[in-house]
Amino acid sequence: MILKDILVKAAEIIGDGDIDFDQPEAKTEKLISCGKMIYAELCEEYVHLKHKEKLYVTDGRIYYSDFSKDVKDVMKIKKHETVVPFTLYPLFLAADVEGEVEVSYVYHPEEPTLEDELDLPPAFTPAVLAVGVASEYFYRSGLIDEAVFYKNRYDNSLLNLTRKRGYVKLKYRRFL
């Protein structure tokens with residue numbers, strides 16, 4: 001899914017299905033800004049974007065600038081399938097190994113453009129995110145009642161998509 005897919009659905013919700021995203025207008029720019037904000041909020045609070053990468057440890061350090069993505073949190077470091085203890089510092093990771101290691105980490109997303117593919121699990125559809133974008137658009141436009149209505153729908157959708165679901169065990173009962 002790309003950001004433009006979400007914005008097209010959000011434009012339909014707000015009643016402006018004929019918005020041209022190629023023409024810079026105030027309304028279009030506001031909708032794009034709302035879409036970027038909702039995507040960033042979703043990635044920071046609900047969806048943890050994970051990545052694995054092979055990096056080199058030199059002098060017991062891996063600098064955050066060596067990572068291909070903006071590091072939010074490091075989950076583990078492995079060398080030859082063995083988990084290596086590490087310590088987080090403001091500028092680097094410290095580990096008691098040398099050479100190539102595999103680092104698993106959570107990262108911050110980059111700000112997307114209209115045609116960028118969004119890094120989200122498949123459960124998050126353009127329709128779900130469009131409701132959040134519409135809510136933010138109505139809020140910024142001063143239409144508080146509409147904003148609250150769509151915000152409640154968006155929050156309920158997020159709750160349902162991110163809730164951990166356990167298995168239900170039904171007891172067998174024999175009726176005579």
Side-chain angles (χ1 to χ4, degrees), residues 1-55 62-77 88 90-93 102-165:
M1 132 179 68
I2 61 173
L3 181 60
K4 192 172 184 179
D5 295 339
I6 298 166
L7 297 178
V8 166
K9 290 194 179 295
E12 291 172 5
I13 292 171
I14 64 171
D16 283 338
D18 58 346
I19 287 181
D20 184 15
F21 292 101
D22 298 327
Q23 299 296 326
E25 295 178 15
K27 185 182 285 190
T28 308
E29 294 301 321
K30 186 191 295 187
L31 195 60
I32 291 170
S33 173
C34 291
K36 289 179 179 181
M37 193 210 84
I38 289 295
Y39 173 65
E41 177 185 275
L42 181 67
C43 291
E44 295 297 329
E45 296 180 20
Y46 296 99
V47 177
H48 302 291
L49 303 174
K50 298 174 185 172
H51 187 66
K52 288 183 183 180
E53 185 171 346
K54 295 204 183 280
L55 295 165
I62 305 173
Y63 288 91
Y64 295 123
S65 59
D66 296 339
F67 288 83
S68 64
K69 299 184 183 291
D70 190 16
V71 177
K72 182 177 180 180
D73 190 22
V74 177
M75 296 183 298
K76 69 179 153 183
I77 298 176
L88 296 170
L91 299 176
F92 61 87
L93 300 173
E102 181 182 75
V103 182
S104 301
Y105 62 98
V106 179
Y107 65 93
H108 297 284
E110 293 180 8
E111 185 173 294
T113 63
L114 286 177
E115 299 301 325
D116 282 348
E117 190 72 28
L118 302 180
D119 296 332
L120 290 174
F124 293 95
T125 63
V128 170
L129 297 177
V131 173
V133 173
S135 170
E136 182 64 22
Y137 182 85
F138 285 135
Y139 179 74
R140 290 183 187 186
S141 299
L143 301 169
I144 304 302
D145 291 337
E146 289 85 350
V148 169
F149 173 77
Y150 284 106
K151 179 69 172 157
N152 287 337
R153 288 183 65 189
Y154 179 63
D155 288 345
N156 286 333
S157 296
L158 289 183
L159 178 68
N160 289 331
L161 290 173
T162 58
R163 178 177 42 196
K164 301 278 185 205
R165 293 184 183 106

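Computed over heavy atoms, backbone and side chain alike; hydrogens, waters and symmetry mates excluded. Just so you know, residue 1 is the first one in the sequence shown, and it goes up from there.
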Participant: For I62 and V74, run side chain to side chain contact (heavy atoms under 4.5 Å, CB included): C-alpha distance rounded to whole Å, both residues' side-chain angles, the deciding distance at 0.1 Å, then the answer.
Facilitator: CA-CA 11 Å; I62 305 173; V74 177; over 6 Å; no
Participant: With Y137, which residues qualify under ring-ring contact (aromatic ring centres under 6.0 Å, His included), at least two apart?
Facilitator: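 Applying ring-ring contact (aromatic ring centres under 6.0 Å, His included) to Y137 gives none.
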Participant: Could you tell me which residues satisfy side chain to side chain contact (heavy atoms under 4.5 Å, CB included) with T113, sequence neighbours excluded, listed by chain and number?
Facilitator: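 So T113 forms a side chain to side chain contact (heavy atoms under 4.5 Å, CB included) with D116.
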Participant: Is any side-chain heavy atom of I14 closer than 4.5 Å to a side-chain heavy atom of L31?
Facilitator: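 Counting from C-beta outward, I14 and L31 do come under 4.5 Å.
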Participant: My understanding is that only residues two or more places apart in sequence, or in another chain, count here; which of them pass ring-ring contact (aromatic ring centres under 6.0 Å, His included) with H51?
Facilitator: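 With neighbours one apart ignored, the set is Y105.
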Participant: Looking at side-chain heavy atoms only, is the closest gap between K36 and L3 below 4.5 Å?
Facilitator: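 Yes - at least one pair of side-chain heavy atoms lies under 4.5 Å apart.
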Participant: How would you list all residue pairs meeting salt bridge (charged side-chain N to carboxylate O under 4.0 Å, His left out) that involve residues 153-162, not counting sequence neighbours?
Facilitator: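 Those involving residues 153-162 are K151-D155.
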Participant: Would you please test M75 and V106 for side chain to side chain contact (heavy atoms under 4.5 Å, CB included) and show each step?
Facilitator: CA-CA 7 Å; M75 296 183 298; V106 179; 4.0 Å; yes
Participant: Which ring-ring contact (aromatic ring centres under 6.0 Å, His included) pairs, counting each pair once, include a residue from residues 138-162, with sequence neighbours left out?
Facilitator: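 Output for this query lists F138-Y150.
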Participant: Taking ring-ring contact (aromatic ring centres under 6.0 Å, His included) as the definition, give me every residue that meets it alongside Y63, ordered by chain and number, with sequence neighbours left out.
Facilitator: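 Partners of Y63 by the ring-ring contact (aromatic ring centres under 6.0 Å, His included) criterion, ordered by chain and then number, come out as F92.
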Participant: Using a cut-off of 6.0 Å, state whether more than 12 heavy atoms not belonging to E41 lie near its atom CD.
Facilitator: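 Yes, the 6.0 Å shell around CD holds more than 12 heavy atoms from other groups.
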Participant: Which heavy-atom pair separates L118 from P112 by the least distance, and what is that distance?
Facilitator: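 That would be CD2-CB, 3.7 Å.
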Participant: Report yes if the side chains of P109 and D119 come closer than 4.5 Å at any heavy-atom pair, otherwise no.
Facilitator: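 Not in contact.
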Participant: Which salt bridge (charged side-chain N to carboxylate O under 4.0 Å, His left out) pairs, counting each pair once, include a residue from residues 64-74, with sequence neighbours left out?
Facilitator: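 Checked against salt bridge (charged side-chain N to carboxylate O under 4.0 Å, His left out) - neighbours excluded - the pairs reaching residues 64-74 are E44-K72.
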Participant: Applying side chain to side chain contact (heavy atoms under 4.5 Å, CB included), can you list everything that pairs with E115, at least two apart in sequence or on another chain?
Facilitator: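 Listed in chain order: I2, K4.
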Participant: Once salt bridge (charged side-chain N to carboxylate O under 4.0 Å, His left out) is applied, what residue pairs with a partner in residues 7-16 remain, sequence neighbours excluded?
Facilitator: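 Those involving residues 7-16 are D16-K27.
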Participant: Are the side chains of L55 and I77 in touch, meaning some heavy atoms are under 4.5 Å apart?
Facilitator: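 L55 does not reach I77 side chain to side chain.
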Participant: Tell me, please, which residues at least two apart from K50 pass side chain to side chain donor-acceptor pair (under 3.5 Å).
Facilitator: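 Counting only residues at least two positions away or on another chain, K50 forms no side chain to side chain donor-acceptor pair (under 3.5 Å).
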Participant: Would you mind listing every salt bridge (charged side-chain N to carboxylate O under 4.0 Å, His left out) that reaches into residues 132-149, with sequence neighbours excluded?
Facilitator: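 Applying salt bridge (charged side-chain N to carboxylate O under 4.0 Å, His left out) to every pair that reaches into residues 132-149, excluding sequence neighbours, yields E136-R140.
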Participant: Checking I6 against Y39 for the side chain to side chain contact (heavy atoms under 4.5 Å, CB included) test, could you report, in this order, the C-alpha distance in whole Å, the side-chain angles of both residues, the deciding distance, and whether it holds?
Facilitator: CA-CA 10 Å; I6 298 166; Y39 173 65; over 6 Å; no
Participant: Can you name the side chain to side chain contact (heavy atoms under 4.5 Å, CB included) partners of P121, sequence neighbours left out?
Facilitator: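 Listed in chain order: V47, F124.
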Participant: Which residue, L114, L129, I19, forms the side chain to side chain contact (heavy atoms under 4.5 Å, CB included) with L7?
Facilitator: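 It is L114, the one option of L114, L129, I19 that forms the side chain to side chain contact (heavy atoms under 4.5 Å, CB included) with L7.
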